[in-house]
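Remarks on the structure that follows.
One-based numbering, in listed order, for ligands and for the atoms of each. Positions are given from 1, in the same order as the sequence printed here.
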Amino acid sequence: MLIRKPSDIDPSEITDEQDYLNRRAFIRSTARTAATVALGAAASTLVPDTVQAGEPTGRVLPDVRKSPLSTDEEPNDFDDITGYANFYELGSRKKDPARNAHHLITDPWSVAIEGEVAKPGVLAVEDLLKPHPLEERIYRMRCVEAWSMVIPWVGFPLADLLKRFEPTADARFVAFETLHDPKMLPGQSRPVLKWPYVEGLRMDEAMHPLTLMAVGLYGRVLPKPNGAPLRLVVPWKYGFKSIKSIVRIRLTRTQPPTSWSRSSPGEYGFYANVNPEVDHPRWSQSSERRIGTFFKRKTEMFNGYGDQVAALYAGMNLKRHF
Ligand code: MTE
């Protein structure tokens, strides 16, 4: 994030148009086959150590239904999504997370839900999944460095999860924390950020129906570079809000710290709503390059989700609360 600007993107990282179309046709057919494979088993956290280019890998998630909240835009290819990732704990270059994914062991994995809740608890990921019918939601995602992707996430609403733990009347924010384990996440042995990675949402943002706990993509368990086994997805905010590999969710009375705003408060705010009218101090946020395409496109307010979320910020000065 702080490391590279869009102008720094190596041209070799931009997919050749014909390659892109060929791969897309291939991926579509394999994804369709995968979706028809009925495993009948509960969703597993089994994730392969390496990510093969081109072919969606990982355990197929059963009984995934389409969500009406999806965009009808064409999703990015599986290998663009897994191969061009930001996960600083696995390296600070876009290709590092796929290369270093084998360090991260995601089975077993548990998540603590605590703070301002009547029933705090620690749950294994499989238990978190069971009561939730999984949905495929195709969301557009916009990164702060002016690139974007369309990703077919699989997950369930964060609101459903939080309700199970009975938030108290004092719960005003939700704080999230990534695993802290430099053996599994070797990037944590370098002080690129203060570890563990932390993020936060206001309670109404967390309870919004668009806010997703993602456990998969392309119909399969979440690949490690994308934050296996459990990550947040907030599609109207810049990508850095979508914290990966979560182990703790804490409901709080006060606004929690967030990794990037703590590291560089003049550049990254708590809200981080996609806003083409508020530039990052070092680059414009008015347009974006969709990975896998050549020409830039105009960035939409709230990443195009304004009809659903603008009311959350009514009356707020979004230049100040960036
Ligand atoms: N979560 C953790 N734990 N560590 C990170 O470095 N990077 C963030 C976010 N979540 C990050 C993280 C940033 S900067 C972005 S743009 C998105 O993840 C990228 O998600 P993706 O790689 O799945 O597209």
Side-chain angles (χ1 to χ4, degrees), residues 1-6 9 13 47 51 75-101 103-104 106 109 111 139-155 175-182 184-188 190-201 212-218 221-249 258-264 267-269 272 274 280 285 288-292 303:
M1 231 159 93
L2 288 169
I3 317 285
R4 301 175 83 206
K5 301 192 291 293
I9 294 172
E13 290 179 31
V47 179
V51 179
N76 275 90
D77 292 347
F78 181 79
D79 52 330
D80 286 340
I81 297 169
T82 55
Y84 192 87
N86 269 347
F87 196 168
Y88 281 78
E89 293 91 327
L90 291 175
S92 47
R93 285 167 305 177
K94 299 283 182 276
K95 292 181 179 173
D96 287 345
R99 276 192 205 119
N100 297 323
H103 293 290
L104 177 61
T106 58
W109 192 277
V111 182
Y139 279 167
R140 63 182 87 80
M141 304 298 292
R142 165 71 159 76
C143 195
V144 80
E145 302 129 305
W147 52 274
S148 64
M149 290 201 201
V150 174
I151 304 184
W153 298 110
V154 177
F176 303 87
E177 202 175 297
T178 294
L179 174 72
H180 191 193
D181 183 334
M184 286 202 235
L185 295 171
Q188 289 176 337
R190 288 183 296 274
V192 184
L193 286 171
K194 185 171 178 219
W195 307 113
Y197 197 99
V198 289
E199 253 310 333
L201 292 174
L212 190 71
M213 286 275 59
V215 295
L217 60 83
Y218 265 112
V221 288
L222 210 50
K224 292 178 181 179
N226 301 93
L230 182 79
R231 71 167 292 165
L232 185 67
V233 172
V234 194
W236 72 93
K237 292 180 180 284
Y238 291 116
F240 65 88
K241 297 297 283 185
S242 292
I243 180 171
K244 299 178 170 182
S245 304
I246 296 169
V247 291
R248 188 182 312 280
I249 299 177
T258 69
S259 278
W260 287 103
S261 60
R262 185 162 60 185
S263 133
S264 192
E267 301 188 42
Y268 308 104
V274 173
H280 183 280
Q285 296 283 22
E288 69 202 55
R289 188 175 68 83
R290 178 78 41 92
I291 299 298
N303 205 22

Does the side chain of Tyr218 come under 3.5 Å of the side chain of Trp153 through a donor N or O and an acceptor N or O?
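Trp153 and Tyr218 do not have a side-chain donor-acceptor pair below 3.5 Å.
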
Can a side-chain donor-acceptor contact be found between Asn226 and Lys244 if the only test is distance below 3.5 angstrom?
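No - no donor-acceptor pair under 3.5 Å links their side chains.
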
Between [X] and ligand 1, is there a nitrogen or oxygen pair with a distance under 3.5 Å?
| X | result |
| --- | --- |
| Ser242 | yes |
| Tyr84 | no |
| Trp153 | no |
| Trp147 | no |

Knowing that exactly one of Pro186, Pro225, Ser245 qualifies, which makes a side-chain contact (heavy atoms from CB on, under 4.5 Å) with Leu90?
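That would be Pro186.
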
Kindly compute the distance separating [atom1] ([X]) from [atom2] ([Y]), expressed to the nearest 0.5 Å.
| X | Y | atom1 | atom2 | value |
| --- | --- | --- | --- | --- |
| Arg290 | Arg140 | CZ | CZ | 7.0 Å |
| Lys194 | Gln188 | NZ | CD | 13.0 Å |
| Lys95 | Asn100 | NZ | CG | 14.0 Å |
| Leu104 | Leu179 | CG | CG | 7.0 Å |
| Tyr238 | Glu145 | OH | CD | 11.5 Å |

Relative to the heavy atoms of [X], which atoms of ligand 1 are at a distance of less than 4.0 Å?
| X | result |
| --- | --- |
| Arg231 | 18 (O), 20 (O), 21 (P), 23 (O) |
| Ala85 | 22 (O) |
| Cys143 | 16 (S) |
| Ile243 | 1 (N), 10 (N) |
| Asn226 | 21 (P), 23 (O) |

Does only the side chain of Phe240 get under 4.0 Å from ligand 1, or the backbone, or both, or neither? Count heavy atoms.
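Phe240 to ligand 1: contacts from backbone and side chain alike.
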
When you look for heavy atoms under 4.0 Å from ligand 1, do you find them on the side chain of Thr178, its backbone, both, or neither?
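For Thr178, only side-chain atoms sit under 4.0 Å from ligand 1.
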
As a check for students: among Met141, Lys244, Glu89, identify the option with a heavy atom nearest to atom 4 (N) of ligand 1.
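Selected option, by shortest heavy-atom distance: Glu89.
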
